[in-house]
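Step one of this worksheet: look at the structure below.
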Amino acid sequence: MAKVSMSPLAGNVSVATEPALWRDYLELTKPKVVAMLLLTAMVGMCLAVPGLPPAKAVILGLLGIGMQSAAAAVFNHVIDQRIDQQMQRTIHRPVAKGRVSTRQALGFGCMLMGLGFGALWALNTLVAWLTFASLIGYALVYTVWLKHATPQNIVIGGLAGAMPPLLGWVAVTGQLDPHALLLVMLIFTWTPPHFWALAIHRQKDYAKAGVPMLPVTHGVEFTKTMILLYTLLLVVVGLLPYLAGMNGVIYLVGSLALNLGFAWYAWRLKYADKKGLAWQTFKYSIWHIFGLFVALLADHAWYAVA
């Protein structure tokens, strides 16, 4: 859609473009976040079996997990629209700006939720209900309650975002497994330092919106200490898949390099901070989790064909 305005000077026409409606609906689903969740779910699927996972489980599993994750993102836009209107990072979101109405967004989210649940139900009831519980955990428990109730919001609420590897595993096998829980632990430990680095970078925004993120309630220096401690914990947790015999040397080397790199960023943030380092740490954490799950997948593939 384009808005055309005439200048008082003849012949001068300015055209201001607005995002296409489909782009707004795509933005509601947080596609980059969903893509990362699907990668971790895919790794869970692959690690669940010695060879390749069944095509039906992969297709319906990724479709269902993706739709349910996208639905949770849409509901997050609706619930957080007041906060989004007060934060520089989120002020231009479709619901916050009114380009998509609350009613339209809710309808879209419910459609995605229903279709995703149906796709997973066609695989097995356990993965369908576990994924639905993750949606509720993120969209309601975290967004509605925890986010505003405690500075430990991202620690407790991070469990919902850590579930996709387990969901992928259950989509293939139909049952829970301790090895799948190790994958959940990796993301669960990674989430707080990842998000707190962003919270330091956007501390004023969160304070303005009245969201009790750790840098707002306990200060930046305390948050830096917690980031460092969690990254050191992540180094230890990262060893568990190898020690449990789930993965081999390829994963061990990759995870150590990535986790120690994250800890190095956290150490610099705590003891040698400079302008923009919190944002750099946040960006590294995204590539870190991507690389960690690629290492898991590469290790599994190597030993599967060896």
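Side chains included, hydrogens not; waters and symmetry mates left out as well; all remaining heavy atoms used.
Taking hydrophobic clusters as Ile, Leu, Val, Met, Phe, Trp and Tyr residues chained together by side-chain heavy-atom distances below 4.5 Å, Trp264 does not share a cluster with Met226. When the side chains of ILVMFWY residues are joined at heavy-atom separations under 4.5 Å, either directly or via intervening members, Leu176 and Trp121 end up in two distinct hydrophobic clusters. Under the 4.5 Å side-chain heavy-atom criterion for ILVMFWY residues, a single connected hydrophobic cluster contains both Leu146 and Ile154. Val74 and Val144 fall into different hydrophobic clusters, where Ile, Leu, Val, Met, Phe, Trp and Tyr residues are linked whenever their side-chain heavy atoms come under 4.5 Å apart, directly or through other members. Using a 4.5 Å cut-off between side-chain heavy atoms of Ile, Leu, Val, Met, Phe, Trp and Tyr, with links allowed through other members, Phe117 and Ile65 fall into different hydrophobic clusters.
With sequence neighbours left out, the side-chain contact (heavy atoms from CB on, under 4.5 Å) criterion links Phe290 to Met36, Leu39, Trp287, Val294. In this view, Tyr265 and Tyr284 satisfy the ring pair (Phe, Tyr, Trp, His ring centres under 6.0 Å) rule, not counting sequence neighbours. Applying the side chain to side chain donor-acceptor pair (under 3.5 Å) test to Tyr206 and every residue at least two apart in sequence or in another chain returns Arg89. Residues satisfying the salt bridge (charged side-chain N to carboxylate O under 4.0 Å, His left out) criterion with Asp177, sequence neighbours excluded, are absent altogether. Remark: Lys30 engages no residue in a salt bridge (charged side-chain N to carboxylate O under 4.0 Å, His left out) (not counting sequence neighbours). Partners of Tyr142 by ring pair (Phe, Tyr, Trp, His ring centres under 6.0 Å), not counting sequence neighbours, listed by chain and number: Tyr138.
For the pair Val100 and Ala105, the tightest heavy-atom approach, listed with the atom from each and the gap, is CG1-N, 3.9 Å. Across every non-hydrogen atom of Leu258 and Gly291, the tightest pair is CD1-C, 3.4 Å. Residues Pro53 and Val58 come closest through the heavy atom pair CG-CG2, 3.6 Å. The heavy-atom pair separating Gln203 from Val216 by the smallest distance is O-CG2, 3.8 Å. Taking each heavy atom of Ala128 and Leu120 in turn, the nearest pair found is CA-CB, 3.8 Å. A pairwise comparison of heavy atoms in Pro151 and Met213 identifies CB-C, 4.5 Å as the closest pair.
A donor-acceptor distance shorter than 3.5 angstrom exists from the side chain of Gln81 to the backbone of Val78, with no hydrogens or angles considered. At distances below 3.5 Å, not a single donor-acceptor pair connects side-chain atoms of Asp84 with backbone N or O atoms of Thr90. Without hydrogens or angle criteria, Asp205 side chain to Gln88 main chain gives a donor-acceptor distance under 3.5 Å.
Taking CE of Met67 as the start and CG of Leu62 as the end, the distance is 12.0 Å to the nearest 0.5 Å. Rounded to the nearest 0.5 angstrom, Glu221 CD and Leu269 CG are separated by 8.5 Å. The structure places CZ of Phe282 at 4.5 Å from CG of Leu198, a figure rounded to the nearest 0.5 Å. Taking CG from Leu140 and CD1 from Ile79, the interatomic distance works out to 5.5 Å, rounded to the nearest 0.5 Å. Separating the CD1 atom in Ile136 from the OG1 atom in Thr131 is a distance of 12.0 Å, to the nearest 0.5 Å. To the nearest 0.5 Å, atom CG of residue Asn76 and atom CG of residue Leu28 are 10.5 Å apart.
Looking at heavy atoms from C-beta onward, His300 lies out of side-chain contact with Ile250 at the 4.5 angstrom threshold. Between Thr281 and Ile200 the shortest side-chain heavy-atom distance does not fall below 4.5 Å. Side-chain contact between Lys208 and Met87: absent, with no pair of heavy atoms (C-beta onward) separated by less than 4.5 Å. Residues Leu296 and Phe293 form a side-chain contact, since some pair of their non-hydrogen atoms from C-beta on lies under 4.5 Å apart. Using a 4.5 Å cut-off on side-chain heavy atoms (C-beta onward), Asn247 and Leu47 make contact.
Open room surrounds OH on Tyr242; 12 or fewer heavy atoms of other groups in view lie less than 6.0 Å from it.
Grouping Ile, Leu, Val, Met, Phe, Trp and Tyr by side-chain contacts under 4.5 Å, direct or through others, puts Trp22 with Leu26. Counting Ile, Leu, Val, Met, Phe, Trp and Tyr side chains that sit under 4.5 Å apart, directly or through other members, Val33 shares a hydrophobic cluster with Leu37.
By the 4.0 Å N-to-carboxylate-O rule, Lys147 lies close enough to Asp80 to be salt-bridged with it.
For the residue pair Asn153 and His148, no side-chain donor N or O sits within less than 3.5 Å of a side-chain acceptor on the partner.
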* Go through the steps to decide whether Gln68 and Met113 satisfy the test side-chain contact (heavy atoms from CB on, under 4.5 Å), and finish with yes or no. => CA-CA 5 Å; Gln68 293 269 50; Met113 181 177 65; 3.4 Å; yes
Mind listing the side-chain donor-acceptor pairs of residues 228-238 below 3.5 Å, one per line with the distance, residues two or more places apart or on another chain?
| from | atom 1 | to | atom 2 | distance (Å) |
| --- | --- | --- | --- | --- |
| Thr231 | OG1 | Ile227 | O | 3.2 |
| Thr231 | OG1 | Leu228 | O | 2.7 |

Could you go through residues 180-197 and list every donor-acceptor pair under 3.5 Å that involves a side-chain atom there, pairing it with any protein atom two or more places apart or in another chain?
| from | atom 1 | to | atom 2 | distance (Å) |
| --- | --- | --- | --- | --- |
| Thr189 | OG1 | Met185 | O | 2.8 |
| Trp190 | NE1 | Ser285 | O | 3.0 |
| Thr191 | OG1 | Ile187 | O | 2.7 |
| His194 | ND1 | Ser285 | OG | 2.7 |

Pairs of donor and acceptor atoms involving the side chains of residues 156-174, under 3.5 Å and at least two apart or interchain, shall be tabulated with distances.
| from | atom 1 | to | atom 2 | distance (Å) |
| --- | --- | --- | --- | --- |
| Thr173 | OG1 | Trp169 | O | 3.0 |
| Thr173 | OG1 | Gln175 | N | 3.3 |
| Thr173 | OG1 | Gln175 | O | 3.0 |

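Sequence neighbours left out, the pairs with a member in residues 67-113 that pass ring-ring contact (aromatic ring centres under 6.0 Å, His included) are Tyr25-Phe108.
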